[in-house]
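Residues take their numbers from the sequence shown, with the count starting at 1.
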Amino acid sequence: MAHYAYLDENSLVVAVIVGKNENELIDGLEPEIYYALGTSYTVKRTSYNGNIRKQYAGVGFTYDAVNDVFIAPQPFPSWSLDENFDWQPPKPEPTEGKWFWDEEKLDWVDAETL
């Protein structure tokens, strides 16, 4: 079984479904356009194991057509997208213990202190 992400007009993922593999396409139908209730959606295949389009798409992800990747929603306003299409904090997360990002402080907070 394959998984497909439905994209709105802004390339935002609005749904992800399980469907047939591409080699099981129905003759005469465009594989990346789906029509439902009078609306057409672009549909892109996504993969749990990240073999295609960087990562498994979820609702709220964005599809970048230039780089053919799905990008997760930005977790915090201060985080930036790196060259691998992953969100990075302004400061690296400490390697020991459990930490949570505090956007107000722009720093990591030790979970033990919460």
Original post:
When rounded to the nearest 0.5 angstrom, what distance separates NZ in Lys105 from OG in Ser78?
Top reply: 14.0 Å

**OP:** Go through Lys98 and Glu112 one step at a time and tell me if the side-chain contact (heavy atoms from CB on, under 4.5 Å) criterion holds.
**Re:** CA-CA 8 Å; Lys98 290 189 179 187; Glu112 296 292 322; over 6 Å; no

Original post:
Between the main-chain N or O of Leu106 and the side-chain N or O of Asp102, is there a donor-acceptor pair closer than 3.5 Å?
Top reply: no

**OP:** Please check if atom CZ in Phe100 has more than 12 non-hydrogen atoms from other residues, nucleotides or ligands closer than 6.0 Å.
**Re:** no

Original post:
Is it the case that one hydrophobic cluster holds both Val69 and Leu81, taking links as side-chain heavy atoms less than 4.5 Å apart, direct or via other members?
Top reply: yes

Original post:
So how far is it from Gln88 CD to Asp82 CG, rounded to the nearest 0.5 Å?
Top reply: 4.5 Å

Original post:
Which pair of non-hydrogen atoms, one from Asp107 and one from Trp101, has the smallest distance, and what is that distance?
Top reply: N-CH2, 3.4 Å

Subject >> Aromatic centroids of Phe70 and Phe61 separated by under 6.0 Å >> reply: no

Original post:
Can you list the steps and then say if Thr46 with Tyr4 is a side-chain contact (heavy atoms from CB on, under 4.5 Å)?
Top reply: CA-CA 5 Å; Thr46 187; Tyr4 297 90; over 6 Å; no

**OP:** Working to the nearest 0.5 Å, report the span between OG1 of Thr62 and CD of Gln74.
**Re:** 10.5 Å

**OP:** For Asp64 and Phe85, run side-chain contact (heavy atoms from CB on, under 4.5 Å): C-alpha distance rounded to whole Å, both residues' side-chain angles, the deciding distance at 0.1 Å, then the answer.
**Re:** CA-CA 10 Å; Asp64 178 335; Phe85 307 101; 4.0 Å; yes

Subject >> Heavy-atom closest contact (Thr113 atom, Val109 atom, distance) >> reply: OG1-CG1, 3.7 Å

Original post:
Minimum heavy-atom separation for Val16 to Gly58, with atom names?
Top reply: CG2-CA, 4.2 Å

Subject >> Which atom of Trp108 lies closest to which atom of Pro89, heavy atoms considered >> reply: CZ2-CG, 3.7 Å

Original post:
Is any NZ, NE, NH1 or NH2 atom of the basic residue among Lys54 and Asp86 found under 4.0 Å from an Asp or Glu carboxylate oxygen of the other?
Top reply: yes

Subject >> Same cluster (ILVMFWY, side-chain, under 4.5 Å), Tyr56 and Val59 >> reply: no

Original post:
Looking only at heavy atoms, what is the nearest atom pair of Pro75 and Trp79, with distance?
Top reply: CG-CE3, 3.3 Å

Original post:
How about Ile52 and Arg45: do any of their side-chain heavy atoms sit closer than 4.5 Å?
Top reply: yes

Original post:
How about Tyr63 and Arg53: do any of their side-chain heavy atoms sit closer than 4.5 Å?
Top reply: yes

Original post:
Where is the tightest heavy-atom contact between Ile71 and Gln55, given as atom of each residue plus distance?
Top reply: CA-NE2, 3.8 Å

**OP:** Would you check if there is a donor-acceptor pair between the side chains of Asn51 and Asn49 at a distance under 3.5 Å?
**Re:** yes

**OP:** Determine, stepwise, if the pair His3 / Val18 fulfils side-chain contact (heavy atoms from CB on, under 4.5 Å).
**Re:** CA-CA 4 Å; His3 295 85; Val18 176; 3.5 Å; yes

